[in-house]
Amino acid sequence: MIRTSLLKASPLYLHHNVVAFRLTRTSCLAAACRRTITSSAQATINQATPVRPRPSSDYPASKSGLTTPDAVSTVPTMVRGDWVLFHPVYSPDELRAVEVLHQTATTWSDKIAYGLVKISRATFDFVSGYKHPTVPPSPDMTVEQLRKAGYLLDDRAWLTRILFLESIAGVPGMVAATLRHLTSLRLMRRDSGWIHTCLEEAENERMHLMTFMTLRKPSIILRAIVLGAQGVFYNLFFLSYLISPRICHRFVGYLEEEAVVTYTRCIADLEAGRIPEWSDKPAPEISIDYWRLPPDAKLLDVLYAVRSDETTHRFVNHSLANLNPDTDVNPFALREPDMHTKGKKIAFDRTEAEAYITESHALLGKKVAPPPDEQSK
């Protein structure tokens, strides 16, 4: 997972005798180190909902089982279990440890990335007619009046917005993973642990989409818009990643900042009674399985989990943007910090990333050998 041919070129080196050991995703030791699950969250997992039959009438789109793929049949109706790619499971305290943060744009490349995100956000808000003031124009306005004036979204508008955003958010991780995968094959060298993290991000965003699709099927118009947006965005991001992976990760970091803002506003509206349609709506079954939520979880719990995921992507991408993508090791290849770190800190700088790698290997019981130059002294 760690590129050994360029170890001397980066302070984030690890001696090849240490990093050459094979570590699979099924290793109990690696899993115990990598999963950032607190004791309370683990107790929730251990008390997971038992397998129970679900009437096919509850999921009419899945009557044909796996022969008719849709958002529901992603999980076979009679099977509950772990997921192929790693994703965090959060404790109740972690879910509420998220803060709205911003990475200050200091370099010209950061300013370009941030500017593109703000333009995209402003354009999308303008086209959708959405505005979200901190203080309502009039305290006497009802929910219906605020909705008609464009200050609040109803449940259908929120779902349309979320479905579109999540269909786009799953693109960058897959593009980055694809390009790094091909580079590893073409140059016949290791990847330094970046591929899996990018794949996990893409899969996690896709699961957000699958979750919310159980609440509303997208219209033909929305599908057409997504088709066009995905075609343009995928190719632009593909070409941009070839030119500068660092700028692309910074762009995604800023994009995830906006996602955290969006879900924070959605949660605030729901808790304030401004989305009455969702006030007591149960969580979709797919979300209960994916995030290991309690059997009686509500849609509000799902929104908190999704916001925590977006916070993870915010932290990871801003951290990767602080590293050298050609020589540096991905500090999250073995484990990720818990949400008390990711929710209150915008990113690791390069020194913190190096220290985190050293700590990860110490937790694995591996001693980091000195570099070859120091061994010869």
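Tested against Glu257 for a side chain to side chain donor-acceptor pair (under 3.5 Å), the candidates His102, Gln103, His313 yield a single pass: His102.
Put simply, CD1 on Ile112 and CH2 on Trp108 are 5.0 Å apart, with the number rounded to the nearest 0.5 Å. Annotation: the span from Asp269 atom CG to Leu146 atom CG amounts to 9.5 Å, rounded to 0.5 Å. Summarising the geometry, atom OG belonging to Ser184 is positioned 6.0 Å from atom CG belonging to Asp191; distances are rounded to the nearest 0.5 Å. The structure places CG of Leu323 at 13.0 Å from NE2 of His318, a figure rounded to the nearest 0.5 Å. Taken from CG in Asn322 to CZ in Arg350, the straight-line distance is 10.0 Å, to the nearest 0.5 Å. Here CD1 of Ile162 is found 6.0 Å from CG of Leu303. Values are rounded to the nearest 0.5 Å.
Pro88 approaches Lys342 most closely through the heavy-atom pair CG-NZ, 4.1 Å. Annotation for Trp194 and Val329: closest pair NE1-C, 3.9 Å, computed over non-hydrogen atoms. In plain terms, the two heavy atoms of Tyr290 and Asn204 that are nearest each other are OH-ND2, 3.0 Å. Of all the heavy atoms in Val98 and Ser308, the pair that sits closest is CG2-OG, 4.0 Å. In plain terms, the two heavy atoms of Val302 and Ser287 that are nearest each other are CG2-OG, 3.4 Å. Across all non-hydrogen atoms, the minimal contact from Met213 to Pro218 is CE-CD, 4.3 Å.
Inter-residue side-chain proximity for Thr312 and Tyr90 is flagged as met; some heavy-atom pair is nearer than 4.5 Å. When side chains are defined from C-beta on, Leu363 counts as touching Arg335, because their heavy atoms get closer than 4.5 Å. Val306 is listed as a side-chain neighbour of Glu310, based on a closest heavy-atom distance under 4.5 Å. Between Arg180 and Pro325, some side-chain heavy-atom pair lies under the 4.5 Å cut-off. Residues Ser192 and Asn330 are not in side-chain contact: their nearest non-hydrogen atoms beyond the backbone lie 4.5 Å or more apart. Under the 4.5 Å side-chain criterion, counting only non-hydrogen atoms from C-beta, Glu166 is not in contact with Thr211.
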All N/O donor-acceptor pairs, side-chain side in residues 119-127, below 3.5 Å, sequence neighbours left out:
unit_1, atom_1, unit_2, atom_2, d
Ser120, OG, Leu116, O, 2.8
Arg121, NE, Asp125, OD2, 3.2
Arg121, NH1, Glu258, O, 3.4
Arg121, NH1, Glu258, OE1, 3.1
Arg121, NH1, Thr262, OG1, 3.1
Thr123, OG1, Ile119, O, 2.8
Asp125, OD1, Arg161, NH1, 3.4
Asp125, OD1, Arg161, NH2, 2.3

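In the hydrophobic cluster analysis, where Ile, Leu, Val, Met, Phe, Trp and Tyr join through side-chain heavy atoms closer than 4.5 angstrom, Tyr263 is grouped apart from Ile346. Tracing side-chain contacts under 4.5 Å through hydrophobic residues (I, L, V, M, F, W, Y), one reaches Phe233 starting from Val117; they form part of the same cluster. Residues Leu179 and Leu187 do not share a hydrophobic cluster, clusters being chains of Ile/Leu/Val/Met/Phe/Trp/Tyr side chains in contact below 4.5 Å. Note on Leu182 and Val171: separate hydrophobic clusters, where clusters join Ile, Leu, Val, Met, Phe, Trp and Tyr whose side-chain heavy atoms are under 4.5 Å apart, directly or indirectly. Clustering ILVMFWY residues whenever any of their side-chain heavy atoms sit less than 4.5 angstrom apart, transitively, puts Leu227 in a cluster other than the one holding Phe238.
Tyr254 and Asp110 form no side-chain donor-acceptor contact under 3.5 Å, judged by distance and modelled atom types alone. A donor atom on one side chain and an acceptor atom on the other are not found under 3.5 Å apart for Glu203 and His87.
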Task: Working for side chain to side chain donor-acceptor pair (under 3.5 Å), residues Thr107 and Ser109 - done: CA-CA 5 Å; Thr107 65; Ser109 59; 3.0 Å; yes
Task: Stepwise side-chain contact (heavy atoms from CB on, under 4.5 Å) check, Asp154 with Ile275 - done: CA-CA 6 Å; Asp154 60 18; Ile275 317 178; over 6 Å; no
Open item on the list: Working note: Phe315 + Phe348, criterion ring-ring contact (aromatic ring centres under 6.0 Å, His included); need CA distance, chi angles, decisive distance, verdict.
Closed with: CA-CA 8 Å; Phe315 182 87; Phe348 280 156; 5.0 Å; yes
- [ ] Apply side-chain contact (heavy atoms from CB on, under 4.5 Å) to the pair Arg274 and Arg265, showing each step before the final yes or no.
- [x] CA-CA 11 Å; Arg274 294 171 181 159; Arg265 290 175 175 176; over 6 Å; no
- [ ] Go through the steps for Glu277 and Arg147 under the test salt bridge (Lys or Arg N to Asp or Glu O under 4.0 Å), then give the verdict.
- [x] CA-CA 13 Å; Glu277 299 87 350; Arg147 286 179 174 180; 3.0 Å; yes
Task: CA sep, side-chain torsions, deciding dist, call: Thr311, Glu99, side-chain contact (heavy atoms from CB on, under 4.5 Å) - done: CA-CA 9 Å; Thr311 304; Glu99 296 179 2; over 6 Å; no
- [ ] Go through the steps for Leu159 and Trp278 under the test side-chain contact (heavy atoms from CB on, under 4.5 Å), then give the verdict.
- [x] CA-CA 11 Å; Leu159 285 175; Trp278 290 355; 3.6 Å; yes
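The aromatic rings of Phe332 and Tyr356 are tilted relative to each other, their planes meeting at an angle between 30° and 60°.
Cation-pi geometry between Arg250 and Tyr114 is not satisfied (NZ or CZ under 6.0 Å from the ring centre, within 45° of the ring normal).
Counting non-hydrogen atoms of neighbouring residues, nucleotides and ligands closer than 6.0 angstrom, the CG atom of Leu185 exceeds 12 such neighbours. Heavy-atom neighbours of Lys344 NZ from other residues, nucleotides or ligands within 6.0 Å: above the threshold of 12. Atom CZ of Arg96 sits in a crowded spot, with more than 12 heavy atoms from other residues, nucleotides or ligands closer than 6.0 Å.
Using modelled atom types, one side-chain atom of Asp301 and one backbone atom of Lys298 make a donor-acceptor pair closer than 3.5 Å. Counting only distance, with no hydrogens or angles, the side chain of Glu201 and the backbone of Cys198 share no donor-acceptor pair below 3.5 Å.
Identified under the ring pair (Phe, Tyr, Trp, His ring centres under 6.0 Å) test for residues 197-231, with sequence neighbours left out: His208-Trp291. Sorted by first and then second residue, the side chain to side chain donor-acceptor pair (under 3.5 Å) pairs involving residues 226-241 (not counting sequence neighbours) are Tyr241-His249.
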